[in-house]
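These numbers come from the heavy atoms of this one structure, side chains and all, not from hydrogens, waters or symmetry mates. Chain identifiers are assigned alphabetically (A, B, ...) following the order of the sequence lines, protein sequences preceding nucleic acid strands; residue numbering begins at 1 within each chain.
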There are 2 protein chains.
Amino acid sequence: MYAVKAMPRPRSLTPARLADAALAVLDRDGLAGLTMRAVGAQLGTSTMGLYRYVADRDELEALVVERVLDRVDTRPPLDVPWPDGVRELAGRVRHAVGAHPAVVPLLPAHRHRSPAILRWGEAVLAVLTRAGFTGTGRVVAFRALLGYVVGAIQMEHLGALAGPGTAAIAALPRDEFPLLAETARDAGAVGPEDEFGGGLDLLLDGLARRLDT
Amino acid sequence: MYAVKAMPRPRSLTPARLADAALAVLDRDGLAGLTMRAVGAQLGTSTMGLYRYVADRDELEALVVERVLDRVDTRPPLDVPWPDGVRELAGRVRHAVGAHPAVVPLLPAHRHRSPAILRWGEAVLAVLTRAGFTGTGRVVAFRALLGYVVGAIQMEHLGALAGPGTAAIAALPRDEFPLLAETARDAGAVGPEDEFGGGLDLLLDGLARRLDT
DNA sequence: ACCTGAACACCGTTCAAGT
DNA sequence: ACCTGAACACCGTTCAAGT
């Protein structure tokens with residue numbers, strides 16, 4: 001009979017539980033409320049307990065970002081025309097982020113290291129490659145889509161034209177910003193969905209032209 | 001002879017000097033180093049002295065953002081074909097931000113309230129309007145351009161494909177992210193200038209198609 | 001009127017101590 | 001091995017006091 005190794009005390013937390021708690025705090029109290037102390041309290045453990053699972057606050061943020069993005073389905077839709085495939089993939093990210101808007105300010109800084117976003121990027125590239133993009137053309141296409149999706153989602157949630165900012169802009173001095181005021185008024189007729197989709201369609205049309213020639 | 005009002009002691013600072021000092025700190029020490037204490041030290045005044053010119057840290061950040069964006073020429077280029085006009089305006093913002101990359105993380109939060117960005121938006125709309133865009137089509141065009149410019153500039157400086165991130169991505173497990181690895185390798189042949197311009201051209205082509213029909 | 005320094009209520013994180 | 005609380009070095013900001 002072998003000597004039984006002394007059982008180490010089981011860890012009381014899991015990365016998943018930590019991520020859930022941090023996201024709950026973020027949703028409830030916003031980014032300013034997301035502190036190590038608050039997450040500790042949310043879990044009923046000491047603040048310092050978190051450091052057993054996470055090296056620092058930065059890693060906690062990465063965990064929250066991943067918790068949000070991990071939900072997006074990253075299987076490439078290859079059974080539809082490629083523009084529809086791109087629309088579908090872009091829409092999935094937009095939808096996942098829309099469920100937790102407080103995470104938006106964290107996205108730019110943590111995008112690189114997110115496995116979920118990497119999987120999503122691979123899916124976008126699968127669709128683009130199937131469509132016929134290669135080499136530097138594919139690089140530009142991919143970067144443009146990524147840039148647009150990142151920027152548009154941010155605009156939607158930290159909104160200038162859409163959302164609460166619209167009214168403020170529509171009230172701008174008409175003599176100094178006549179076109180901006182007019183455009184803000186017109187913006188009322190365009191929902192956030194159409195705004196996101198409309199801009200994406202512009203990009204997709206531009207991409208389609210590259211494929212023709 | 002009138003009684004001379006007691007001269008109030010002249011203010012020792014100006015908003016411009018404050019903005020300059022804050023930008024100098026930001027350029028030197030990065031966003032984490034931009035503190036009220038550091039800016040006070042930079043000016044040789046007390047920390048609390050700043051509060052006479054700025055309500056809080058948020059306003060200090062807005063001042064820095066404005067200091068960077070105020071340099072962009074916002075006269076609409078109406079003497080060239082409209083796509084060139086848009087390229088020119090987008091390039092000016094990109095150039096101004098490129099001179100102070102540490103300001104990038106501050107842009108999304110302070111974009112709305114920046115007079116410089118409003119003037120820039122007015123110029124973009126002038127070009128678009130001259131090109132023939134109106135109503136909701138103009139709204140979508142404007143928002144798409146804004147979203148792309150914001151997103152692409154952010155990508156360039158917090159970079160995923162371009163910059164230091166590229167090498168990391170190129171070293172990804174080839175079996176899990178084959179297309180991402182391939183694309184990152186191809187990205188070496190595309191400079192940041194071409195990447196920004198190439199994506200913008202896609203958008204402009206899409207916009208041109210809207211005008212034809 | 002303008003500026004200052006001490007003090008307060010927070011942070012993230014180090015570290016020695018508990019079980 | 002795992003968890004804790006006190007303590008440290010920072011923040012932004014309030015407030016009473018100085019000239």
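One can place CG of A/Leu18 at 15 Å from C1' of D/dC2, the figure rounded to the nearest angstrom.
Electrostatic pairing of B/Arg113 and B/Asp58 counts as a salt bridge here, judged by a charged N lying under 4.0 Å from a carboxylate O.
Residues passing the side chain to side chain contact (heavy atoms under 4.5 Å, CB included) test with B/Arg71 are B/Arg67, sequence neighbours excluded. Listed by chain and number, the residues in a ring pair (Phe, Tyr, Trp, His ring centres under 6.0 Å) with B/Phe133 are B/Trp82 (sequence neighbours excluded). Residues satisfying the side chain to side chain contact (heavy atoms under 4.5 Å, CB included) test with A/Thr136, not counting sequence neighbours, are B/Ala189, B/Val190.
Here salt bridge (charged side-chain N to carboxylate O under 4.0 Å, His left out) pairs that include residues 118-130 of chain B, with residues two or more places apart or in two chains, are B/Asp70-B/Arg119. Sequence neighbours left out, the pairs with a member in residues 94-110 of chain A that pass salt bridge (charged side-chain N to carboxylate O under 4.0 Å, His left out) are A/Arg94-A/Glu156, A/Arg94-A/Glu193.
In terms of phosphate contacts, B/Ser12 brings a side-chain nitrogen or oxygen within less than 4.0 Å of OP1 or OP2 of C/dC3.
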- Query: Going 5' to 3' along nucleotides 5-15 of chain D, which nucleotides have protein heavy atoms under 4.0 Å from the base (write B), which only from the sugar-phosphate (write S), and which from neither (write -)?
  - Reply: B-B---BBBBB

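Taken together, the paired segments of DNA chain C that extend over three or more consecutive Watson-Crick or G-U pairs, each closer than 3.5 Å at both contacts, are C:4-8 with D:12-16, C:12-16 with D:4-8.
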Kindly list each side-chain donor-acceptor pair under 3.5 angstrom involving residues 99-110 of chain A, sequence neighbours excluded, with atom names and distances?
| residue | atom | partner | partner atom | Å |
| --- | --- | --- | --- | --- |
| A/His100 | ND1 | A/Asp27 | OD1 | 3.2 |
| A/His100 | ND1 | A/Asp27 | OD2 | 2.7 |
| A/His110 | NE2 | A/Glu61 | OE1 | 2.8 |

Using residues 36-52 of chain B as the side-chain source, report each donor-acceptor pair under 3.5 Å to any protein atom, sequence neighbours left out, with the distance given to one decimal.
| residue | atom | partner | partner atom | Å |
| --- | --- | --- | --- | --- |
| B/Gln42 | OE1 | B/Arg28 | NH2 | 2.4 |
| B/Ser46 | OG | B/Gly49 | N | 3.1 |

